[in-house]
Colleague: 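Starting off with a structure, shown below.
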Number of protein chains: 2
Amino acid sequence: MTVSDPRLDDLPGYSGGRFPAACNSRTVLDHVTSKWGVLVLLTLSAGSLRWGELRRTIEGISEKMLAQTLRTLEADGFVLREAQAVIPPRVDYSLTERGRELADRLIPLMGWIADNADEIVDGGMRQRA
Amino acid sequence: MTVSDPRLDDLPGYSGGRFPAACNSRTVLDHVTSKWGVLVLLTLSAGSLRWGELRRTIEGISEKMLAQTLRTLEADGFVLREAQAVIPPRVDYSLTERGRELADRLIPLMGWIADNADEIVDGGMRQRA
DNA sequence: CAGTATCCCCGAGGATACTG
DNA sequence: CAGTATCCTCGGGGATACTG
């Protein structure tokens with residue numbers, strides 16, 4: 001038995017009376033909201049950046065996770081990787097058109113979070129104290 | 001040394017030439033983009049729901065993770081928990097005003113993902129084949 | 001019905017070393 | 001510079017049993 005509240009039916013990703021466990025929406029959502037996905041996409045929304053720039057800009061990310069996140073986002077068609085055959089190597093990362101569309105939805109979200117984060121976290125602190 | 005690209009300075013959450021590892025924005029972002037955070041918030045955006053309804057609607061979530069996610073979101077002030085002293089117990093969960101503001105940014109994101117997920121995932125399949 | 005309490009595992013993710 | 005390769009840890013998260 002599933003919830004039959006008609007209001008739910010309007011939700012994106014909602015289908016067949018629930019949020020299905022195995023579906024493409026959930027897969028993409030997991031990629032985007034992976035530990036570093038949002039930050040990488042957000043950073044690239046400012047324009048093309050090199051590997052080392054990304055690494056330094058996103059504080060705390062390891063080389064392994066940067067590589068892994070970039071590969072996933074590239075496979076999903078969000079990120080474009082452009083390697084130049086020079087020495088020392090130079091690789092530039094940027095958003096594809098699809099990536100930009102996604103980032104357009106991420107920026108308002110992150111903007112709101114950045115605006116409200118202090119009150120949210122401090123409020124929790126005050127409650128616990 | 002940090003990236004000095006002036007375009008980055010406009011990004012929400014960006015500060016002091018980077019996305020700082022320890023900051024309130026990152027904490028809240030992690031809560032929201034936790035494995036089940038987005039789905040719980042999205043589900044509640046349709047209106048007040050009971051524990052069991054949430055559990056059935058969000059397919060695949062365990063009792064432990066539902067409880068944990070709800071507690072975190074409640075502590076952040078996104079979710080309101082209303083318990084009625086009846087037998088059998090009845091507890092309703094809904095979004096606070098703050099939670100609704102957040103959900104307003106989540107819905108366009110999830111909407112875009114739901115609209116494009118098939119192409120994104122199938123495109124990756126085709127590439128790999 | 002709405003949760004807690006407990007146990008346990010696996011894999012996300014970090015640290016380090018190495019390479020073209 | 002831009003990665004890979006390898007090893008290892010830790011805690012996210014699931015399964016199950018139990019309770020007011």
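What you see is a predicted model, and the numbers here were worked out from it, not measured in a lab. Sequence lines set the chain letters: A, B, ... in the order given, protein chains first and strands last, and positions in each chain run from 1. Computation of the quantities below employed the complete heavy-atom set of this structure, encompassing side-chain atoms and omitting hydrogens, waters and symmetry-equivalent molecules.
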Colleague: Check L102(A), V40(A), T27(A) against V32(A) for a side-chain contact (heavy atoms from CB on, under 4.5 Å) and give me the one that passes.
Modeller: L102(A)
Colleague: Are L80(B) and I120(A) connected, step by step, through hydrophobic side chains (Ile, Leu, Val, Met, Phe, Trp, Tyr) whose heavy atoms are closer than 4.5 Å?
Modeller: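 No, L80(B) and I120(A) fall in different hydrophobic clusters.
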Colleague: Do NZ/NE/NH1/NH2 and the carboxylate oxygens of E53(A) and R50(A) come within less than 4.0 Å?
Modeller: no
Colleague: If you assign each of P88(A) and R71(A) to its closest nucleotide in DNA chain D, which residue comes earlier from the 5' end?
Modeller: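 Closest to the 5' end, via its nearest nucleotide, is P88(A).
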Colleague: Can you check nucleotides 11-17 of chain C for protein contacts, nitrogen or oxygen pairs under 3.5 Å, and list what you find?
Modeller:
{"residue": "dG13(C)", "atom": "N7", "partner": "K64(A)", "partner atom": "NZ", "Å": "2.5"}
{"residue": "dG13(C)", "atom": "O6", "partner": "K64(A)", "partner atom": "NZ", "Å": "3.1"}
{"residue": "dG14(C)", "atom": "OP2", "partner": "S62(A)", "partner atom": "OG", "Å": "3.4"}
{"residue": "dG14(C)", "atom": "O6", "partner": "K64(A)", "partner atom": "NZ", "Å": "2.7"}

Colleague: Which whole-number value in Å describes the distance from I58(B) CD1 to dG13(D) C1'?
Modeller: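 Between C1' of dG13(D) and CD1 of I58(B): 15 Å.
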Colleague: Can you tell me how far P of dA2(D) sits from CG of L66(A), to the nearest Å?
Modeller: 10 Å
Colleague: Does the S25(B) side chain pair with the main chain of A117(A), one donor and one acceptor, at a distance under 3.5 Å?
Modeller: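 Judged by distance alone, no pair lies under 3.5 Å.
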Colleague: With sequence neighbours excluded, tell me which residues meet salt bridge (charged side-chain N to carboxylate O under 4.0 Å, His left out) with E101(A).
Modeller: none
Colleague: Minimum heavy-atom separation for L95(B) and A103(B), please, with both atom names.
Modeller: CD1-CB, 3.8 Å
Colleague: Under the 3.5 angstrom rule, does the side chain of E59(B) hit a backbone N or O of A21(A) as a donor-acceptor pair?
Modeller: yes
Colleague: Between the side chain of T69(B) and the main-chain N/O of L66(B), is any donor-acceptor distance below 3.5 Å?
Modeller: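 Not at all, since once roles are kept as given, no pair shorter than 3.5 Å links the two residues.
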Colleague: Could you spell out the base pairing of DNA chain D in dot-bracket, with Watson-Crick or G-U pairs whose two distances are under 3.5 Å, [ ] crossing and | to another strand?
Modeller: ||||||||||||||||||||
Colleague: Let me know the distance between CD of E82(A) and C1' of dA2(D), rounded to the nearest Å.
Modeller: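 Nearest whole value for this atom pair: 16 Å.
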Colleague: OP1 or OP2 of dC1(D) less than 4.0 angstrom from a side-chain nitrogen or oxygen of Y93(A), does that happen here?
Modeller: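 Indeed not, no polar side-chain atom of Y93(A) lies that close.
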Colleague: Please report, rounded to the nearest Å, how far the P atom of dG13(D) is from the NE2 atom of H31(B).
Modeller: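 So the NE2-P distance, H31(B) to dG13(D), works out to 12 Å.
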Colleague: Separation of E53(A) atom CD from dG3(D) atom P, in whole Å?
Modeller: 13 Å
Colleague: Can you tell which of dT4(D), dA2(D), dG20(D) lies closest to the side chain of A67(A)?
Modeller: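 Comparing dT4(D), dA2(D), dG20(D) against the side chain of A67(A), the answer is dT4(D).
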Colleague: Quick one: does R98(B)'s side chain have a donor or acceptor within less than 3.5 Å of a partner on D76(B)'s backbone?
Modeller: yes
Colleague: Rounded to whole angstroms, how far apart are CG on L54(B) and C1' on dG3(C)?
Modeller: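 Between C1' of dG3(C) and CG of L54(B): 13 Å.
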Colleague: Using atom CZ of R50(B) as one end and atom C1' of dG3(C) as the other, report the distance to the nearest whole Å.
Modeller: 13 Å
Colleague: Expressed as a whole number of angstroms, how long is the span from D30(B):CG to dG11(D):P?
Modeller: 14 Å
